[in-house]
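Reviewing the structure listed below.
All of these numbers come straight from a predicted model, not from anything done at the bench. Values below: all heavy atoms of this structure, side chains included; hydrogens, waters and symmetry mates excluded.
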Amino acid sequence: MSERPESDAAGGQPLGRVLVCIPTYNERENLPRVVARVRAAVPAADVLVLDDNSPDGTGDVADDLAAGDDAVRVLHRAGKEGLGAAYLAGFAWGLERGYDAIVEMDADGSHQPEQLPTLLAALEHADLVIGSRWVHGGSVVNWPLHRKALSVGGNAYTRVLLGMGVNDATAGYRAYRASALREMGLQDVASQGYCFQVDLTNRAVRRGLRVREVPITFVEREIGDSKMSGDIMRESLQRITRWGLQHRARQLRSLRHREETWHRL
């Protein structure tokens, strides 16, 4: 994990304005509960609902929430384009409006809003804070053994292949400083699904941004269907493998360059 010295601009800086981005697709039952919990946990934060034209009317529910609360906004998108595209739209919306920190949070209640103050406190000394299931103190609730094994194994594969000291690179509960997002080259991010989280984590580490993990309790959704699919898993495996091979190739080129330099001395 890459860290900057404490004297760096990220160290100990107050956060300023915070935006919580919540992507939605068919979450009409979960959304009001989650938004209410966010507003109670961090009253000073604003909420942006990113709805992908949900056929169950989630967008209308989001509009009703916004009509009753000036801190809630809604970004209606044309259709289901994936988690990554939704978050990128939310990041752009927040950056254009001068927010200082932007949070990713699921709409299904698996990310507990009551833990958000902990993430934001850690962000005062970091560029990216990840709510981690796989560090000491982290946990998951109501996951079958095969789902846990898939997540742990996928993160171990990612950690080894990409050479990152991050235990939960696939985690979707996280907070970024706006300054970090501006450094990460978001204009060429094409990954979707859980791979999107790995992509952004990798970009942060490679740019020397300070990444911290704090333990969270992840609670499996009780209402609605999971968005995990075989396509999402295949995309993640393919992209992470390609990034890993590229990373190792760069290492090899660097090693050869050092050897050639040494022989010329």
Side-chain angles (χ1 to χ4, degrees), residues 13-54 56-77 83 86-124 126 128-133 138-139 141-142 171-178 180-181 197 212 214-224 226-227:
Q13 274 197 338
L15 295 181
R17 299 172 65 217
V18 176
L19 178 68
V20 181
C21 290
I22 303 178
T24 56
Y25 187 78
N26 289 348
E27 297 287 0
R28 63 173 296 127
E29 293 184 70
N30 286 313
L31 183 62
R33 298 185 179 98
V34 169
V35 170
R37 290 169 64 188
V38 171
R39 297 289 291 121
V42 188
D46 291 336
V47 175
L48 177 65
V49 179
L50 304 152
D51 186 63
D52 276 6
N53 197 22
S54 298
D56 75 343
T58 300
D60 294 333
V61 172
D63 285 338
D64 289 342
L65 294 172
D69 188 343
D70 289 342
V72 179
R73 302 286 188 275
V74 185
L75 183 59
H76 293 281
R77 291 160 41 76
L83 185 71
Y87 274 132
L88 289 173
F91 294 163
W93 192 97
L95 293 174
E96 287 171 2
R97 288 159 178 80
Y99 285 90
D100 302 292
I102 300 180
V103 174
E104 296 183 17
M105 180 185 292
D106 286 353
D108 60 10
S110 57
H111 299 151
Q112 298 184 79
E114 294 76 16
Q115 296 180 318
L116 181 52
T118 302
L119 271 69
L120 294 177
L123 193 62
E124 293 187 3
L128 163 61
V129 172
I130 298 173
S132 178
R133 301 158 292 183
S139 62
V141 176
N142 296 331
Y173 196 8
R174 48 179 65 197
Y176 298 87
R177 282 189 174 272
L181 289 172
Q197 312 297 4
R212 289 194 173 183
V214 299
I216 63 163
T217 298
F218 180 98
V219 182
E220 179 66 355
R221 68 159 64 233
E222 297 179 355
I223 301 173
S226 172
K227 305 302 189 296

Atom [atom1] in [X], atom [atom2] in [Y]: separation rounded to 0.5 Å?
| X | Y | atom1 | atom2 | result |
| --- | --- | --- | --- | --- |
| Leu48 | Tyr87 | CG | OH | 10.5 Å |
| Arg37 | His111 | CZ | NE2 | 11.5 Å |
| Leu128 | Leu181 | CG | CG | 8.5 Å |

Test item: [X] side-chain N/O and [Y] main-chain N/O as donor-acceptor pair under 3.5 Å:
| X | Y | result |
| --- | --- | --- |
| Thr58 | Glu27 | yes |
| Arg73 | Ala66 | no |
| Asn30 | Ala107 | no |
| Asp106 | Asp108 | no |
| Arg17 | Arg97 | yes |

Closest contact, heavy atoms only, [X] versus [Y]:
| X | Y | value |
| --- | --- | --- |
| Pro117 | Ala41 | CG-O, 3.8 Å |
| Cys21 | Leu50 | CB-CD1, 3.9 Å |
| Ile130 | Ala171 | CG2-CB, 3.6 Å |
| Ala101 | Leu123 | CB-CD2, 3.8 Å |
| Val74 | Ala62 | CG2-O, 3.4 Å |
| Ala175 | Val103 | CB-CG2, 4.0 Å |

Could you give me the CA-CA distance, side-chain angles and deciding distance for Val47 and Met105, then say whether side-chain contact (heavy atoms from CB on, under 4.5 Å) is met?
CA-CA 10 Å; Val47 175; Met105 180 185 292; over 6 Å; no
Is there a side-chain contact between [X] and [Y], using heavy atoms and a 4.5 Å cut-off?
| X | Y | result |
| --- | --- | --- |
| Val42 | Val18 | no |
| Asp46 | Tyr99 | yes |
| Phe218 | Gln115 | no |
| Asp56 | Glu29 | no |
| Glu124 | Leu15 | yes |
| Leu119 | Ile216 | yes |
| Val49 | Leu65 | no |

Ion pair present between Asp52 and Arg77, side-chain N to carboxylate O less than 4.0 angstrom?
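A salt bridge links Asp52 with Arg77.
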Can you see whether Gln112 engages Tyr173 through a side-chain donor-acceptor pair at a distance of less than 3.5 angstrom?
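There is no such pair (donor and acceptor under 3.5 Å, judged by atom type) between the side chains of Gln112 and Tyr173.
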